[in-house]
Amino acid sequence: MANAGVPTIHVPKGAADGLRVAVISATWNQEITDRLHARAIETAKAAGASVKNWRVAGCLELPVAVAEAVKHFDAVVATGCVIEGETEHFRVVCDAVTQGLTRIPLDSGVPVGNGVLTVQNQQQAIDRAGGENAYEDKGADSATAALHTALLLRDIANS
């Protein structure tokens with residue numbers, strides 16, 4: 001199901017040949033994060049990228065792992081899921097992860113696909129994790145964004 005106003009970006013099969021991509025995913029909320037992780041890997045491989053993947057405990061650990069991965073890969077995809085609870089911990093985690101994952105590509109020049117879901121409940125996470133009857137596929141979307149940006153940066157560098 002497509003979102004109105006959201007652009008559709010596709011990286012064709014073979015377009016990412018030669019690109020090395022890291023996929024790093026949190027394990028917290030595993031039902032969701034397993035799907036995000038798998039969809040990111042499938043999408044990068046389908047485009048022709050060479051993929052290595054790792055798991056971290058939770059979303060707060062993503063920025064430090066991603067910061068290391070950008071030293072060795074052409075693009076990195078980070079996925080995870082933070083579901084709002086009854087305390088302010090949700091906002092603290094969301095803010096820290098977003099700031100870290102936003103800063104890393106600016107500092108390194110390596111694209112980072114941010115596939116971290118920040119949702120109010122389990123159903124919203126399921127609806128965005130891809131798969132049959134899912135509203136969105138954020139694992140695939142974040143991989144596509146990272147690949148597309150890596151290819152754009154390569155094109156700019158070769159201009």
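Values reported hereafter were calculated over all heavy atoms of this structure, with side chains retained and with hydrogens, waters and symmetry mates removed.
Taking hydrophobic clusters as Ile, Leu, Val, Met, Phe, Trp and Tyr residues chained together by side-chain heavy-atom distances below 4.5 Å, Val93 does not share a cluster with Ile83. Hydrophobic clustering keeps Ile104 apart from Val64 (ILVMFWY residues linked when any side-chain heavy atoms are closer than 4.5 Å, directly or through intermediates). Using a 4.5 Å cut-off between side-chain heavy atoms of Ile, Leu, Val, Met, Phe, Trp and Tyr, with links allowed through other members, Val112 and Leu62 fall into the same hydrophobic cluster. Residues Val92 and Phe90 are members of separate hydrophobic clusters, defined by side-chain heavy-atom contacts under 4.5 angstrom among Ile, Leu, Val, Met, Phe, Trp and Tyr. Hydrophobic cluster membership is shared by Phe73 and Val56, with clusters built from Ile, Leu, Val, Met, Phe, Trp and Tyr side chains linked at under 4.5 angstrom.
Atom CD of Gln120 has 12 or fewer neighbouring heavy atoms from other residues, nucleotides or ligands inside a 6.0 Å radius. For NE2 of His89, the number of neighbouring non-hydrogen atoms (other residues, nucleotides, ligands) closer than 6.0 Å is 12 at most.
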When you look at Gln122 and Ile32, which way does the side chain to side chain contact (heavy atoms under 4.5 Å, CB included) test go after all the steps? CA-CA 9 Å; Gln122 182 79 8; Ile32 302 303; 4.1 Å; yes
Applying side chain to side chain contact (heavy atoms under 4.5 Å, CB included), run through Ile126 and Glu31 and close with a yes or a no. CA-CA 9 Å; Ile126 291 167; Glu31 173 189 354; 4.0 Å; yes
Begin from the C-alpha positions of Leu101 and Val116 and carry the test side chain to side chain contact (heavy atoms under 4.5 Å, CB included) through to its verdict. CA-CA 10 Å; Leu101 294 180; Val116 177; 3.9 Å; yes
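Under the 4.5 Å side-chain criterion, counting only non-hydrogen atoms from C-beta, Glu84 is in contact with Arg91. Using a 4.5 Å heavy-atom cutoff, the side chains of Leu117 and Val82 are not in contact. Considering only heavy atoms from C-beta on, Asn114 stays 4.5 Å or farther from Ser142 through its side chain.
For Gln99, there are no side-chain hydrogen bond (donor to acceptor under 3.5 Å, both in side chains) partners at least two apart in sequence or on another chain. With sequence neighbours excluded, the residues forming a side-chain contact (heavy atoms from CB on, under 4.5 Å) with Arg39 are Arg35, Glu42, Thr43, Asp137, Ala140, listed by chain and number. Residues meeting the side-chain hydrogen bond (donor to acceptor under 3.5 Å, both in side chains) test with Arg128, sequence neighbours left out: Glu136. With sequence neighbours left out, the side-chain hydrogen bond (donor to acceptor under 3.5 Å, both in side chains) criterion links Thr144 to no other residue. Every side-chain contact (heavy atoms from CB on, under 4.5 Å) that Ala150 has, sequence neighbours left out, goes to Leu19, Ala75, Pro111. Considering only residues two or more places apart in sequence or on other chains, Ala44 meets the side-chain contact (heavy atoms from CB on, under 4.5 Å) condition with Val21, Ala49, Val51, Leu147. The side-chain hydrogen bond (donor to acceptor under 3.5 Å, both in side chains) search around Asp127 returns Gln123, not counting sequence neighbours. Residues that satisfy the side-chain contact (heavy atoms from CB on, under 4.5 Å) test with Val110, not counting sequence neighbours, are Val70, Ser108. Residues passing the salt bridge (Lys or Arg N to Asp or Glu O under 4.0 Å) test with Asp95, sequence neighbours excluded: none. With sequence neighbours excluded, the residues that form a salt bridge (Lys or Arg N to Asp or Glu O under 4.0 Å) with Arg103 are Asp107.
Residues in residues 149-159 take part in no side-chain hydrogen bond (donor to acceptor under 3.5 Å, both in side chains) pair, two or more places apart or across chains.
With values rounded to the nearest 0.5 angstrom, Trp28 atom CH2 is found 12.0 Å from Cys81 atom SG.
Between Val76 and Ala69, the closest heavy-atom pair is CG2-CB, 3.8 Å. Residues Leu153 and Gly109 approach most closely at CD1-O, 3.6 Å, considering heavy atoms. The nearest pair of heavy atoms linking Ala40 to Val23 is CB-CG1, 3.9 Å. The two residues Ala146 and Val77 make their nearest non-hydrogen contact at CB-CG2, 4.0 Å. Heavy-atom minimum distance, Gly80 versus Cys59: CA-SG, 3.7 Å. Listed here is the closest heavy atom pair of Val11 and Ala47: CG1-CB, 3.7 Å.
In this structure a side-chain-to-backbone donor-acceptor pair under 3.5 Å is present from Glu61 to Gly58. With hydrogens and angles disregarded, no donor-acceptor distance shorter than 3.5 Å links the side chain of Arg55 to the backbone of Ile24. Listed for the Asp74 side chain is a donor-acceptor partner under 3.5 Å among the backbone atoms of Arg20. For the pair Thr79 (side chain) and Ser25 (backbone), a donor-acceptor distance under 3.5 Å is absent.
In this structure, Ile156 belongs to a hydrophobic cluster whose other members, linked by side-chain heavy atoms under 4.5 Å apart, are Leu152.
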